[in-house]
Asks: 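The structure is given below, and queries will be raised subsequently.
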Amino acid sequence: MSVRTRFAPSPTGFLHIGGVRTALFNWLLARHFGGQFILRIDDTDQQRHVDDALGRILDGFRWMGMDWDEGPDKGGPLGPYFQSERSDLYKKAADALVASGHVYRDYSTQQERDADREAQKSHKVAYRFREKPISDDDRARFEAEGRPFGLRFRVPLGRSMVVHDLIKGDVEQKTDEIGDFVIVRPDGMPLYNFASVVDDVEMKITHVIRAEEHLSNTFPQLLIFEALGAELPAFAHVPFVAEVGSKTKMSKRKTEEYARRGIFVLLNQYIEKGYLPDAMLNYLARLGWSLDASQEIFTRDELIEKFSLDRVNSSPASHDPDKLFWIQGEWMKKLTVDQKVDGVLPYLAREGLAPDPVTPEFRKRVASVVAALGDRLKVFSDILTLGRYFFTETLTHDPDAVKKRLRKDGVPKMLAELDEVLATTEPYDLATLEKAVHAYAESHGHPMGQVVNPLRVATTGQGVGPGLYDCLVILGRESCRARIASTIAMLGSGT
RNA sequence: GGCCCCGUCGUCUAGCCUGGUCUAGGACACAUGCCUUUCACGCAUGCAACACGGGUUCAAAUCCCGUCGGGGUCACCA
């Protein structure tokens with residue numbers, strides 16, 4: 001039988017990296033065994049529905065290159081793939097369980113349950129709902145008056161169940177610990193534990209890989225599988241992703257707070273920064289999974305070939321943006337200049353720094369900037385910080401660089417002399433320029449550093465950047481001379 | 001509170017199942033040096049961990065028990 005895995009997001013917002021990682025493990029396992037990866041939308045609770053959330057989730061999957069074999073936009077033989085459209089299936093399953101006596105009508109009221117819960121809590125005991133005997137008269141009366149009821153699973157007492165979890169190992173639980181749980185609300189809405197099992201059975205899911213918060217849920221679910229007479233899938237519960245430098249579980253609700261601290265937890269935030277899908281894939285796979293003692297960089301194909309659940313760590317891993325950044329850099333190094341140009345262009349366009357449409361000449365210019373930037377360009381949006389001055393008319397000076405390199409006696413005079421050098425260098429190319437500047441330094445008795453650094457700040461405004469001659473060539477003679485002039489003017493005016 | 005999961009450098013992890021080869025290995029980050037006109041890259045070096053306490057054993061990061069810490073679940077949420 002072919003391996004079938006699924007990821008079941010609820011369309012309530014953005015994908016966060018913990019969820020993406022869980023999805024990735026599902027996808028990787030399916031691809032590893034040549035099986036199917038299914039996307040199923042958990043939208044039973046309309047209350048929590050958020051507009052366009054689904055579109056963003058799907059975009060996230062597409063960006064990651066995690067293609068699904070069945071699901072939204074694609075359909076498939078075992079659909080529909082929206083829980084909101086599967087009511088008939090849940091109804092049928094619920095009826096069957098009522099008929100077989102596994103499930104009963106619960107007429108209890110909110111108040112009654114709350115009171116019971118309080119009472120049990122005060123005895124420092126876990127709350128467990130148990131069926132209360134109900135007289136035939138009452139039952140008849142309730143039915144006659146159309147009193148609402150939920151459907152509850154009658155949990156068999158005195159049994160011990162075990163989940164053979166592929167990540168956690170064997171986990172045991174006694175049914176006495178489980179209260180009779182609701183599978184269908186009075187309004188007919190199926191609850192997660194029930195709907196999820198029905199779907200997994202119907203969709204022939206073979207491996208349920210999900211967040212570890214569902215580990216405890218697995219036991220009630222086991223009961224449902226059994227009552228339905230269905231075959232059990234394999235289970236694998238993935239540990240949570242903790243906050244940066246901490247063991248505390250990362251919370252989607254704290255997204256804004258993390259952002260304020262400069263920590264990104266949403267996939268979209270990394271997409272916008274200009275991270276590479278392959279880097280994200282690599283990072284997420286390594287977060288909680290390892291192949292051996294040494295390999296850090298994995299291609300997509302390698303991941304598919306080598307991924308296995310038994311090498312997923314059973315303890316939580318905390319999100320490490322530094323490591324992501326490093327992996328990103330490694331993947332960036334593999335890109336050709338042309339690929340980098342493609343990645344960088346949208347950022348320039350967004351800031352109005354690129355012509356629309358992009359001309360071949362402009363593309364060439366971007367290519368030369370990207371080439372000059374080399375490994376300094378770690379994420380595509382870096383073009384806006386590291387390469388901005390190549391695309392602006394006016395020069396903006398970094399105050400620290402000005403202070404360190406330009407606020408020195410004799411600098412204006414030297415800049416004027418260098419301007420003369422630039423004006424007369426023929427041809428105006430990298431090798432000739434380098435020779436000319438060297439000759440200038442030597443003839444005036446200046447150490448190279450004291451010439452090159454001021455000239456860099458005068459022409460780029462920055463203290464750091466690509467090789468100076470690269471900058472001079474890309475900027476062009478006229479632009480460099482104009483910038484030197486404006487720098488001298490600035491120094492003279494004392495601003 | 002009951003039940004369940006988890007606990008190796010700051011972080012990701014190898015080692016744990018099948019005790020000795022572990023004075024615990026690799027990577028990120030950090031620090032220092034080299035390279036160099038700056039930065040980045042690269043190279044070299046350094047810093048740094050078996051949560052704690054018992055037990056078993058000739059020998060424990062590895063097996064057992066307890067404590068502490070983190071997390072989950074106990075919803076007519078997912």
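Below, chains carry the letters A, B, ... as their sequence lines are ordered, and counting in each starts from 1.
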Asks: Could you tell me how far B/G20 sits from B/C6 if I compare only their C1' atoms? Round to whole Å.
Replies: 28 Å
Asks: Any ion pair linking A/R405 and A/D400 (charged N to carboxylate O, less than 4.0 Å)?
Replies: no
Asks: Could you tell me the separation between the CZ atom of A/R159 and the P atom of B/C3, rounded to a whole number of Å?
Replies: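 In whole Å, B/C3 P and A/R159 CZ are 21 Å from each other.
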Asks: Are A/S160 and A/E172 close enough that a side-chain donor and a side-chain acceptor fall under 3.5 Å?
Replies: yes
Asks: When the P atoms of B/A61 and B/G25 are considered, how many whole Å apart are they?
Replies: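 One P to the other, the span is 14 Å.
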Asks: Taking CD1 from A/I57 and C1' from B/A78, how many angstroms apart are they, rounded to a whole number?
Replies: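 Distance check: A/I57 CD1 to B/A78 C1' gives 13 Å.
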Asks: Can you give me the N/O atom pairs linking the protein to nucleotides 71-73 of chain B at distances under 3.5 Å, or say none if there are none?
Replies:
from	atom 1	to	atom 2	distance (Å)
B/G72	O2'	A/E213	O	3.1

Asks: Does A/R147 qualify as a cation-pi partner of A/Y107, given the criterion of NZ or CZ under 6.0 Å from the six-membered ring centre and within 45 degrees of its axis?
Replies: no
Asks: Closer than 4.0 Å, any side-chain N/O of A/S290 to the OP1 or OP2 of B/A14?
Replies: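 Checking B/A14 against A/S290, a side-chain N or O does come within under 4.0 Å of OP1 or OP2.
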Asks: Please determine, for B/G69, whether a Watson-Crick or G-U wobble partner exists with both distances under 3.5 Å, and give it or none.
Replies: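 Answer to the pairing question: B/C6, which forms a Watson-Crick or G-U pair with B/G69.
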Asks: Please give, in whole Å, the distance from B/A78 C1' to A/R185 CZ?
Replies: 12 Å
Asks: Of A/G150 and A/F219, whose nearest nucleotide on RNA chain B comes first from the 5' end?
Replies: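 The 5'-side residue here is A/F219.
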Asks: Applying a 4.0 Å non-hydrogen cut-off, can you work out what A/R210 is touching in the nucleic acid: base, sugar-phosphate, or nothing?
Replies: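 Since no nucleic acid heavy atom lies under 4.0 Å of A/R210, the category is nothing.
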Asks: If you pin A/S315 and A/N193 to their nearest nucleotides in RNA chain B, which one's is more 5'?
Replies: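 Going by which nucleotide is closer to the 5' end, it is A/S315.
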Asks: Within residues 161-177 of chain A, find the residues that approach RNA chain B with a heavy atom at under 4.0 Å, and present them sorted by residue number.
Replies: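 The answer is A/K168, A/V171, A/E172, A/Q173, A/E177.
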Asks: Is there a side-chain polar atom (N or O) of A/R152 under 4.0 Å from OP1 or OP2 of B/C76?
Replies: yes
Asks: Taking the C1' atom in each of B/G15 and B/C65, what is the distance between them to the nearest angstrom?
Replies: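 Going atom to atom, C1' in each nucleotide, I get 24 Å.
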Asks: How far, in whole Å, is B/G10 from B/A31 if one measures between their C1' atoms?
Replies: 14 Å
Asks: Kindly state each residue pair satisfying salt bridge (Lys or Arg N to Asp or Glu O under 4.0 Å) with at least one member in residues 152-167 of chain A, sequence neighbours excluded.
Replies: A/D106-A/R152, A/E131-A/R154, A/R159-A/E226
Asks: Please classify the nucleic acid contact of A/P186 as base, sugar-phosphate, or nothing, using heavy-atom distances under 4.0 Å.
Replies: base
Asks: Any base atoms under 4.0 Å from A/D320, or only sugar-phosphate, or nothing? Heavy atoms, all strands.
Replies: base
Asks: Give the B/S/- string for nucleotides 30-51 of chain B, one per nucleotide from 5' to 3', where a protein heavy atom under 4.0 Å of the base yields B, of only the sugar-phosphate yields S, and otherwise -.
Replies: -------BBBSSS---------
Asks: Taking the six-membered ring for Trp, are the ring centroids of A/F25 and A/H207 within less than 6.0 Å of each other?
Replies: no
Asks: Starting the side chain at C-beta, find the nucleotide from B/C74, B/A29, B/C77 nearest to A/L191.
Replies: B/C77
Asks: Between A/E143 and A/R139, is there a salt bridge with N-O shorter than 4.0 Å?
Replies: no
Asks: Expressed as a whole number of Å, how far does the C1' atom of B/A78 sit from that of B/U13?
Replies: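 It comes out at 31 Å once rounded to the nearest Å.
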Asks: Does anything in residues 438-455 of chain A pair up under salt bridge (Lys or Arg N to Asp or Glu O under 4.0 Å), and if so which pairs, sequence neighbours excluded?
Replies: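 Counting only pairs at least two positions apart or across chains, no salt bridge (Lys or Arg N to Asp or Glu O under 4.0 Å) contact touches residues 438-455 of chain A.
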Asks: Report yes if a side-chain nitrogen or oxygen of A/R311 is closer than 4.0 Å to either non-bridging phosphate oxygen (OP1 or OP2) of B/A14; otherwise report no.
Replies: yes
Asks: Roughly, in whole Å, what's the span from CZ in A/F149 to P in B/C76?
Replies: 16 Å
Asks: Expressed in angstrom and rounded to an integer, what is the separation of A/D310 atom CG from B/A14 atom P?
Replies: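 Going from CG in A/D310 over to P in B/A14 covers 11 Å.
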Asks: When rounded to the nearest 0.5 angstrom, what is the spacing between CD1 in A/I183 and CG in A/L151?
Replies: 5.0 Å
Asks: Report yes or no: is there a donor-acceptor pair, N or O only, under 3.5 Å between the side chain of A/Q295 and the base of B/G26?
Replies: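 For A/Q295, whose side chain was compared with the base of B/G26, there is no donor-acceptor pair (under 3.5 Å).
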Asks: By nearest atom, which of the nucleotides B/G25, B/A78, B/C28 is closest to the A/A293 side chain?
Replies: B/G25
Asks: B/U32 pairs with which nucleotide, Watson-Crick or G-U wobble, both distances below 3.5 Å?
Replies: B/A44
Asks: Check whether the ring centres of A/Y258 and A/H16 lie less than 6.0 Å apart, and answer yes or no.
Replies: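 Not close enough - the centres of the two rings lie 6.0 Å or further apart.
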Asks: Establish, from distance only, whether the side-chain atoms of A/S196 and A/H214 form a donor-acceptor pair under 3.5 Å.
Replies: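 Judged by distance alone, the side chains do not pair up.
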Asks: Could you measure between the two C1' atoms, the one in B/A24 and the one in B/A48, and give it in whole Å?
Replies: 12 Å
Asks: Considering residues, nucleotides and ligands other than A/D409, do more than 12 of their heavy atoms fall under 6.0 Å from its CG?
Replies: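 No, not enclosed.
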Asks: Identify the nucleotide, in any strand shown, that forms a Watson-Crick or G-U wobble pair with B/C74, with both distances under 3.5 Å; if there is none, say none.
Replies: B/G1
Asks: If we take the C1' atom in both B/G66 and B/C76, what is their distance in whole Å?
Replies: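 My reading of the C1' atoms in B/G66 and B/C76 gives 40 Å.
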Asks: Salt bridge or not between A/R185 and A/D187? Use side-chain N to carboxylate O under 4.0 Å.
Replies: yes
Asks: Say we look at B/G33 and B/G54: how far apart would their P atoms be, to the nearest angstrom?
Replies: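 About 44 Å, rounded to a whole number of Å.
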Asks: My understanding is that only residues two or more places apart in sequence, or in another chain, count here; which of them pass ring pair (Phe, Tyr, Trp, His ring centres under 6.0 Å) with A/W289?
Replies: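 Expected list: A/F298, A/F307.
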Asks: Scan A/K168, A/E213, A/R210 and name whichever one has a side chain to side chain donor-acceptor pair (under 3.5 Å) with A/H237.
Replies: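 Going through A/K168, A/E213, A/R210 one by one, the side chain to side chain donor-acceptor pair (under 3.5 Å) with A/H237 is satisfied by A/R210 alone.
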